[in-house]
Amino acid sequence: QVQLVESGGGLVQAGGSLRLSCAASGRTFSLYAMGWFRQAPGKEREFVAGISRSGGSTYYADSVKGRFTISRVNAMEKVYLQMNSLKPEDTALYHCAAVFRVAPARAMNEYDYWGQGTQVTVSS
């Protein structure tokens with residue numbers, strides 16, 4: 001089992017920044033690729049960003065490319081999502097997820113473990 005706990009969400013004005021954190025425990029963190037997903041009310045959960053086991057490769061949804069940055073520190077068993085130039089359409093519940101493979105997946109059904117999420121609200 002891998003336990004994932006997100007933090008760092010909140011209310012921010014459009015154009016602002018937030019940094020989300022996801023703390024992992026339970027299994028060897030460095031064996032898991034990690035992803036961030038988000039779900040807005042009335043919409044399906046969607047892929048935001050992913051990072052490989054080593055942190056050497058990153059992947060982004062087109063909607064956040066150039067504004068969001070995913071990173072990880074394996075020694076601390078944490079993954080981060082730096083979100084800049086936030087827009088109202090970024091408002092959602094953000095989840096981190098772990099998959100037992102080298103590279104992350106974009107499909108949510110590929111992931112083995114999920115956190116409960118942290119709410120991000122961007123006001124216009």
Side-chain angles (χ1 to χ4, degrees):
Q1 286 283 342
V2 175
Q3 291 79 41
L4 300 172
V5 180
E6 303 93 337
S7 61
L11 174 63
V12 64
Q13 287 189 332
S17 298
L18 282 174
R19 188 193 195 204
L20 306 184
S21 297
C22 173
S25 62
R27 293 281 180 94
T28 306
F29 180 68
S30 60
L31 295 180
Y32 291 82
M34 300 296 295
W36 283 98
F37 288 75
R38 66 187 182 187
Q39 188 166 17
K43 294 188 177 181
E44 292 190 353
R45 194 172 295 186
E46 63 175 357
F47 173 81
V48 175
I51 190 166
S52 61
R53 284 178 177 176
S54 68
S57 298
T58 56
Y59 309 82
Y60 297 94
D62 288 343
S63 59
V64 306
K65 203 171 292 183
R67 300 189 297 122
F68 290 11
T69 303
I70 188 171
S71 61
R72 66 189 295 163
V73 180
N74 284 347
M76 295 181 62
E77 298 187 323
K78 286 193 172 180
V79 62
Y80 303 97
L81 186 67
Q82 177 67 43
M83 306 187 296
N84 299 329
S85 302
L86 282 161
K87 304 175 181 180
E89 51 263 43
D90 294 318
T91 295
L93 185 64
Y94 283 72
H95 299 266
C96 69
V99 57
F100 188 67
R101 46 187 273 180
V102 173
R106 292 179 181 265
M108 57 177 289
N109 60 6
E110 298 277 350
Y111 285 78
D112 303 303
Y113 303 102
W114 291 85
Q116 291 297 309
T118 185
Q119 179 67 38
V120 172
T121 303
V122 184
S123 62
S124 57

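For the numbers below, each heavy atom of this structure counts, side chains included, while hydrogens, waters and symmetry mates do not.
Leu31 and Leu4 fall within a single hydrophobic cluster, where Ile, Leu, Val, Met, Phe, Trp and Tyr side chains are chained together by heavy-atom contacts under 4.5 Å. Hydrophobic clustering (side-chain heavy atoms under 4.5 Å, transitive across Ile, Leu, Val, Met, Phe, Trp, Tyr) keeps Ile51 apart from Val99. No chain of hydrophobic side-chain contacts below 4.5 Å, direct or via other Ile, Leu, Val, Met, Phe, Trp or Tyr residues, connects Trp36 to Tyr80.
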Inset, instruction - With side-chain contact (heavy atoms from CB on, under 4.5 Å) as the test, would you mind laying out the steps for Phe29 and Met34 before giving the verdict? - result: CA-CA 9 Å; Phe29 180 68; Met34 300 296 295; 3.8 Å; yes
Inset, instruction - Could you check Gln1 against Tyr113 for side-chain contact (heavy atoms from CB on, under 4.5 Å), going step by step and ending with a plain yes or no? - result: CA-CA 8 Å; Gln1 286 283 342; Tyr113 303 102; 3.5 Å; yes
Inset, instruction - With ring pair (Phe, Tyr, Trp, His ring centres under 6.0 Å) as the test, would you mind laying out the steps for Phe37 and Tyr111 before giving the verdict? - result: CA-CA 11 Å; Phe37 288 75; Tyr111 285 78; 5.1 Å; yes
Legend entry - Verdict with supporting geometry, Val120 and Met83, side-chain contact (heavy atoms from CB on, under 4.5 Å): CA-CA 10 Å; Val120 172; Met83 306 187 296; 3.8 Å; yes
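Residues Met108 and Phe47 form no side-chain contact, since every pair of their non-hydrogen atoms from C-beta on lies 4.5 Å or further apart. For the pair Leu20 and Glu6, the minimum side-chain heavy-atom distance is 4.5 Å or more. Within the 4.5 Å cutoff, side-chain heavy atoms of Arg38 are placed close to those of Glu46. Taking 4.5 Å as the limit, every side-chain heavy atom of Thr118 sits out of range of all side-chain heavy atoms of Leu93. Contact annotation: the side chain of Ser25 approaches that of Gln3 to within less than 4.5 Å [non-hydrogen atoms, C-beta and beyond]. Side-chain contact between Tyr60 and Val48 is absent, with no heavy-atom pair separated by less than 4.5 Å. Put simply, the side chain of Phe68 reaches to within 4.5 Å of the side chain of Asp90, judged on heavy atoms. Using a 4.5 Å heavy-atom threshold, the side chains of Val79 and Ile70 count as touching.
Scanning for side chain to side chain contact (heavy atoms under 4.5 Å, CB included) contacts around Gln82 gives Ser17, Arg19, Thr69, Asn84, with sequence neighbours left out.
Nearest heavy-atom pair, Ala24 versus Val2, reported as atom, atom and distance to 0.1 Å: CB-CG1, 4.4 Å. Contact between Ala40 and Ala92 at its shortest, heavy atoms only, is N-CB, 3.8 Å. Heavy-atom minimum distance, Leu86 versus Val12: CD1-CG1, 3.6 Å. Pairing each heavy atom of Pro104 with each of Ala33, the nearest pair is N-CB, 3.5 Å. Between Gln119 and Thr91, the shortest heavy-atom distance links the atoms NE2-CG2, 4.1 Å. Ala103 and Tyr59 make their closest contact through CB-OH, 4.2 Å (heavy atoms, listed as atom of the first residue, atom of the second, distance).
With respect to the salt-bridge test (charged N to carboxylate O, under 4.0 angstrom), the residues Asp62 and Lys65 qualify.
Counting only distance, with no hydrogens or angles, the side chain of Arg72 and the backbone of Ser52 share a donor-acceptor pair below 3.5 Å. At distances below 3.5 Å, at least one donor-acceptor pair connects side-chain atoms of Ser54 with backbone N or O atoms of Gly56.
Judged as a salt bridge (charged side-chain N to carboxylate O under 4.0 Å, His left out), the pairs with a partner in residues 96-121 (not counting sequence neighbours) are, in order, Arg101-Glu110.
Between the CD atom of Glu77 and the SG atom of Cys22 there is a distance of 10.5 Å, given to the nearest 0.5 Å. In this structure, CD on Gln13 lies 5.0 Å from OG on Ser123, to the nearest 0.5 angstrom.
Classified by interplanar angle (parallel below 30°, tilted 30° to 60°, perpendicular above 60°), the ring pair His95/Trp114 is perpendicular.
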